Amino acid sequence: MIIPKKSLGQNFLINAGILEKIVSAAELNRNDTVLEIGPGTGNLTKLLSEKAGQVIAIEKDRRLIENLKIKFPAVKIIEEDVLGFKPEEYDLKEEAYKIVANIPYYITSNLLRTIFEEWPVPKLIVLTVQKEVAKRIVAKPPDMNLLALSVQFYSEPKIIGYISKGSFRPMPKVDSAIIKLTPHNQPTSANPEMFFKLVKAGFSGKRKQLINNLVKNFGMIREDLLRIFEKMTMKQDVRAENLSLNQWIELSKLMEK
Ligand code: SAM
């Protein structure tokens with residue numbers, strides 16, 4: 001018996017219906033290569049290996065590796081921290097693999113950043129995340145936030161369903177959600193570096209007017225900003241939470257001119 005480690009976010013999914021729902025959201029067939037993050041005791045790995053052509057699973061906890069290798073001889077089990085994983089070394093190419101995982105929640109933001117900014121673009125991503133995090137990811141104006149923009153810049157997010165605490169052992173303190181992220185076909189037309197610098201400056205002062213945040217934290221001249229806002233038919237007192245992804249993209253392009 002292995003004692004689950006809280007520090008590794010080890011809450012194993014024991015609800016068969018939920019496991020099915022995750023796998024079905026990934027629309028797997030025998031041509032698919034799946035990358036699983038944190039296979040744990042293999043509850044999800046089992047279904048993935050039955051549906052996909054190839055499964056690669058990255059697990060950080062050494063205690064689980066041997067058992068996974070015995071249970072799933074056809075799955076490539078890698079003992080590694082996923083945040084240091086290099087997909088190219090395993091021949092995972094752009095648009096040629098899907099990520100499906102019940103991830104440890106402590107790495108959610110870091111993992112999303114790593115996937116979108118460092119890895120070859122996957123075909124599809126299906127993850128379990130904390131329910132509140134899922135809601136923040138799919139947010140629209142007037143509830144826009146940094147996490148939503150970081151995900152929506154690269155993909156279309158959708159909540160597939162919610163998971164109650166009781167579906168996991170040990171039972172976590174928070175409810176969860178299954179989220180599906182479909183990467184955009186075309187890269188977003190704004191320069192990512194400029195876009196994220198701007199968005200971070202825009203959200204830097206909670207509930208303040210956007211214009212004040214950009215003057216203070218982006219080194220912009222108020223009059224120049226007022227002209228850009230007018231061009232975009234945005235009110236002078238608009239707040240960061242009120243801008244849609246497309247408005248942020250347009251703003252970042254106009255500011256580069
Ligand atoms: N997939 C299993 C399931 O659904 O029952 C286990 C999910 S559990 C929430 C998260 C798993 O990720 C654990 O097995 C944990 O050891 C592993 N893990 C935690 N941190 C990790 C990291 N940085 N890199 C790779 N795996 C990690």
Side-chain angles (χ1 to χ4, degrees), residues 1-26 28 32-52 54-72 74-87 89-90 92 97-119 122 124-134 160-180:
M1 239 301 270
I2 282 170
I3 299 169
K5 275 192 193 167
K6 226 178 174 177
S7 63
L8 286 177
Q10 288 180 346
N11 301 98
F12 302 110
L13 249 177
I14 54 152
N15 181 327
I18 295 292
L19 286 161
E20 284 288 348
K21 208 167 176 177
I22 294 173
V23 175
S24 113
L28 296 175
D32 283 320
T33 295
V34 171
L35 182 66
E36 188 192 3
I37 296 151
T41 48
N43 301 346
L44 182 59
T45 321
K46 181 170 185 295
L47 297 186
L48 295 175
S49 62
E50 285 165 6
K51 295 267 163 61
Q54 193 197 4
V55 180
I56 300 176
I58 312 162
E59 174 56 60
K60 187 174 175 180
D61 189 348
R62 167 160 297 176
R63 301 174 306 162
L64 304 170
I65 299 290
E66 203 45 43
N67 188 40
L68 285 166
K69 284 186 176 165
I70 293 167
K71 263 195 192 160
F72 307 106
V75 172
K76 186 155 191 58
I77 309 285
I78 302 167
E79 184 192 337
E80 197 175 332
D81 183 329
V82 67
L83 298 175
F85 178 71
K86 301 268 175 292
E89 288 173 11
Y90 295 87
L92 294 173
Y97 70 109
K98 293 178 176 177
I99 298 173
V100 187
N102 168 27
I103 59 168
Y105 296 165
Y106 77 99
I107 58 167
T108 306
S109 306
N110 260 345
L111 179 68
L112 289 170
R113 187 168 347 106
T114 305
I115 294 173
F116 288 128
E117 294 179 13
E118 293 175 22
W119 289 6
L124 194 68
I125 305 166
V126 178
L127 302 176
T128 55
V129 296
Q130 205 175 313
K131 185 176 177 183
E132 280 63 38
V133 172
I160 300 295
Y162 295 109
I163 318 175
S164 67
K165 304 176 182 84
S167 295
F168 299 88
R169 288 292 179 281
M171 211 156 72
K173 287 205 178 72
V174 293
D175 285 322
S176 299
I178 305 169
I179 194 158
K180 176 168 166 173

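In listed order, ligands and their atoms are each counted from 1. In this text the structure is predicted, and so the values were computed from the model without any measurement.
For Glu36, the closest heavy-atom approach to ligand 1 falls below 4.0 Å. Ligand 1 lies nowhere less than 4.0 angstrom from a heavy atom belonging to Ile37. Not a single heavy atom of Thr41 lies less than 4.0 angstrom from ligand 1.
Of the possible polar contacts, one joining the Lys98 side chain to the Ala26 backbone as a donor-acceptor pair under 3.5 Å is found. Side chain of Asn11 to backbone of Pro170: a donor-acceptor contact under 3.5 angstrom is found. In terms of modelled atom types and a separation under 3.5 Å, the side chain of Lys51 and the main chain of Asp32 share no donor-acceptor contact.
Using a 4.5 Å heavy-atom threshold, the side chains of Tyr162 and Asp175 count as separate. Side-chain contact between Ser167 and Leu13 is present, with heavy atoms from C-beta onward closer than 4.5 Å.
Crowding of Lys46 atom NZ: a count of heavy atoms from other residues, nucleotides or ligands under 6.0 Å not exceeding 12. Environment of CD in Glu66: sparse, with no more than 12 heavy atoms of neighbouring residues, nucleotides or ligands closer than 6.0 Å.
The heavy atom nearest to atom 8 (S) of ligand 1, out of those in Gly9, Ser7, Ser167, is found in Gly9. Nearest residue to atom 17 (C) of ligand 1 from Arg63, Glu59, Lys60 is Glu59 (criterion: closest heavy atom). The nearest non-hydrogen atom to atom 23 (N) of ligand 1, considering only Leu44, Asp81, Ile14, comes from Asp81. Nearest-heavy-atom check against atom 20 (N) of ligand 1 across Tyr105, Tyr106, Phe12 picks out Tyr106.
Considering backbone and side-chain atoms alike, Val82 places an N or O below 3.5 Å from some N or O of ligand 1. Below 3.5 Å of separation, one finds an N or O of Gly38 facing an N or O of ligand 1. Where the criterion is an N or O separation shorter than 3.5 Å, residue side chain and backbone included, Pro104 fails it with respect to ligand 1.
Residue-ligand proximity, Ile103 to ligand 1, at heavy-atom distances under 4.0 Å covers atoms 9 (C). Heavy-atom contacts of Ile58 reach the following atoms of ligand 1: 25 (C), 26 (N) (cutoff under 4.0 Å). For ligand 1, the atoms closer than 4.0 angstrom to any heavy atom of Asn43 are 5 (O).
Contact annotation for Thr128 and ligand 1: no heavy atom of the residue comes within less than 4.0 Å of the ligand.
The shortest contact between atom 2 (C) of ligand 1 and any protein heavy atom is with Pro39 O, 3.3 Å.
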